[in-house]
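Structure record follows, encoded as structure tokens.
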Amino acid sequence: MSNNTAKTIVITGANRGIGYAMAKICQQRGDNVYALCRQSSAQLDALGVNVVEQVDIATQAGIDKAVSALSGITIDLLINNAGILRNEQLSELNQQTIIEQFKVNALAPLCLSHALLGNLSSGSKIALITSRMGSITDNTSGGRYGYRMSKAALNIAAVSLARDLSEENIAVGIYHPGYVQTEMVNSDGILNNGDISADVAAQRLIALMDNLTMADSGVFKHSNGETLPW
């Protein structure tokens with residue numbers, strides 16, 4: 001994707017945060033962007049991309065809406081970015097929010113990717129935005145049960161996708177964006193030490209996706225290019 005030919009790029013959760021930042025980068029360089037979201041935002045409306053609303057990827061109706069909007073369109077890059085973050089501790093376990101995160105963070109990206117397989121062809125790419133909080137090796141602080149469990153589940157689904165799509169020459173990227181100050185993590189707009197902005201994360205992620213090849217399909221990477229442990 002490093003050439004100058006415009007690509008067709010589909011991004012979920014594109015109304016804010018990293019999703020919006022990636023949509024902006026792709027639009028500005030001339031790509032044909034489909035921004036999928038439950039509800040648009042003023043900044044997304046102003047971008048001039050193809051906005052598809054009412055896409056709650058955790059529901060069949062939302063997936064059907066996306067499939068219908070993308071009918072007949074060949075997708076070069078599908079970015080599964082939409083996700084949610086809740087906070088369960090051992091002292092405050094909540095089955096409902098854990099299940100909610102599994103549906104949105106793990107199951108929905110797999111189901112959407114499956115539903116759009118007919119839009120992909122040899123050389124197409126699928127990117128899944130995950131988190132190092134889904135790394136078992138990297139878990140040194142505990143807590144965040146639903147988020148950690150759902151992202152670990154997404155990671156293994158992504159590896160299976162990479163294996164299953166290898167013969168189709170469709171590469172799968174698995175990316176931790178870095179600790180990013182966005183609305184999802186209740187940002188006050190102030191970057192703490194080690195945090196990065198959504199724009200910086202998006203630039204790094206798009207660069208990794210541009211350079212994704214079959215050789216690193218199914219590899220778990222930090223947006224800075226580092227390979228992360230499972």
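- T12 places a side-chain N or O within donor-acceptor distance of the main-chain N or O of N81, the cut-off being under 3.5 Å.
- There is a path of hydrophobic side-chain contacts, each under 4.5 Å, that joins I57 to V10.
- Under a cut-off of 6.0 angstrom, the local environment of CD in Q96 is sparse, with at most 12 non-hydrogen atoms contributed by other residues, nucleotides or ligands.
- Cluster membership for I75 and V67, using ILVMFWY side-chain heavy atoms within less than 4.5 angstrom, is shared.
- Taking every heavy atom of both residues into account, K151 and I129 meet most closely at NZ-O, 3.1 Å.
- The closest donor-acceptor contact from the side chain of D76 to the backbone of I9 lies at 3.5 Å or more, if one exists at all.
- Proximity of a side-chain donor or acceptor of R144 to a complementary backbone N or O of M149 within less than 3.5 Å is not detected.
- Between the side chain of S166 and the backbone N or O of R163, at least one donor-acceptor pair lies under 3.5 Å.
- Note: the hydrophobic cluster containing I25 also contains L44 (ILVMFWY, side chain heavy atoms under 4.5 Å, direct or indirect links).
- A distance-only check finds no donor-acceptor pair linking the side chain of S71 to the backbone of S68 [under 3.5 Å].
- A side-chain donor-acceptor contact under 3.5 Å links Q60 and D64.
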### Task
Would you sort out whether H114 and L117 count as a side-chain contact (heavy atoms from CB on, under 4.5 Å), showing the intermediate values?
CA-CA 5 Å; H114 176 261; L117 284 178; 4.1 Å; yes
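- Under the 30°/60° scheme for interplanar angles, the aromatic rings of F220 and W230 are found to lie parallel.
- A pairwise comparison of heavy atoms in I196 and G178 identifies CD1-CA, 4.5 Å as the closest pair.
- The only option from D216, T130, T227 that meets the side chain to side chain donor-acceptor pair (under 3.5 Å) definition with K221 turns out to be D216.
- Under the 4.5 Å side-chain criterion, counting only non-hydrogen atoms from C-beta, M209 is not in contact with K125.
- Environment of CD in E100: crowded, with over 12 heavy atoms of neighbouring residues, nucleotides or ligands closer than 6.0 Å.
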### Message
Let's go through Y147 and N105 carefully: what are the C-alpha distance in whole Å and the side-chain angles of both, what is the deciding distance for side-chain contact (heavy atoms from CB on, under 4.5 Å) to 0.1 Å, and is it a yes or a no?
### Response
CA-CA 8 Å; Y147 193 72; N105 295 346; 3.7 Å; yes
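- Linking ILVMFWY residues whenever their side-chain heavy atoms come closer than 4.5 Å, directly or via other members, leaves L154 and L212 in distinct clusters.
- At distances below 3.5 Å, not a single donor-acceptor pair connects side-chain atoms of R204 with backbone N or O atoms of P177.
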### Task
Determine, stepwise, if the pair N94 / R86 fulfils side-chain contact (heavy atoms from CB on, under 4.5 Å).
CA-CA 10 Å; N94 184 327; R86 305 291 183 256; over 6 Å; no
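- Judged purely by atom type and a 3.5 angstrom limit, D56 has no side-chain atom pairing as donor or acceptor with the backbone of R38.
- By the 4.5 Å heavy-atom criterion applied to side chains, R148 and S141 are counted as neighbours.
- Scanning all heavy atoms of the two residues, the minimum distance from L208 to G225 falls at CD2-CA, 4.2 Å.
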### side-chain contact (heavy atoms from CB on, under 4.5 Å) between Y20 and L47, intermediate numbers included
CA-CA 9 Å; Y20 167 76; L47 261 192; 3.7 Å; yes
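- In this structure, N50 contributes its side chain and V33 its backbone to a donor-acceptor pair below 3.5 Å.
- More than 12 heavy-atom neighbours from other residues, nucleotides or ligands sit within 6.0 angstrom of CD on Q89.
- Heavy atoms only, all atoms of each residue included: L205 and Y175 are closest at CD2-CB, 3.5 Å.
- A 4.5 Å side-chain heavy-atom check between L228 and D138 finds every atom pair outside the cut-off.
- Formation of a donor-acceptor pair under 3.5 Å by the S135 side chain with backbone atoms of P229 is found in this model.
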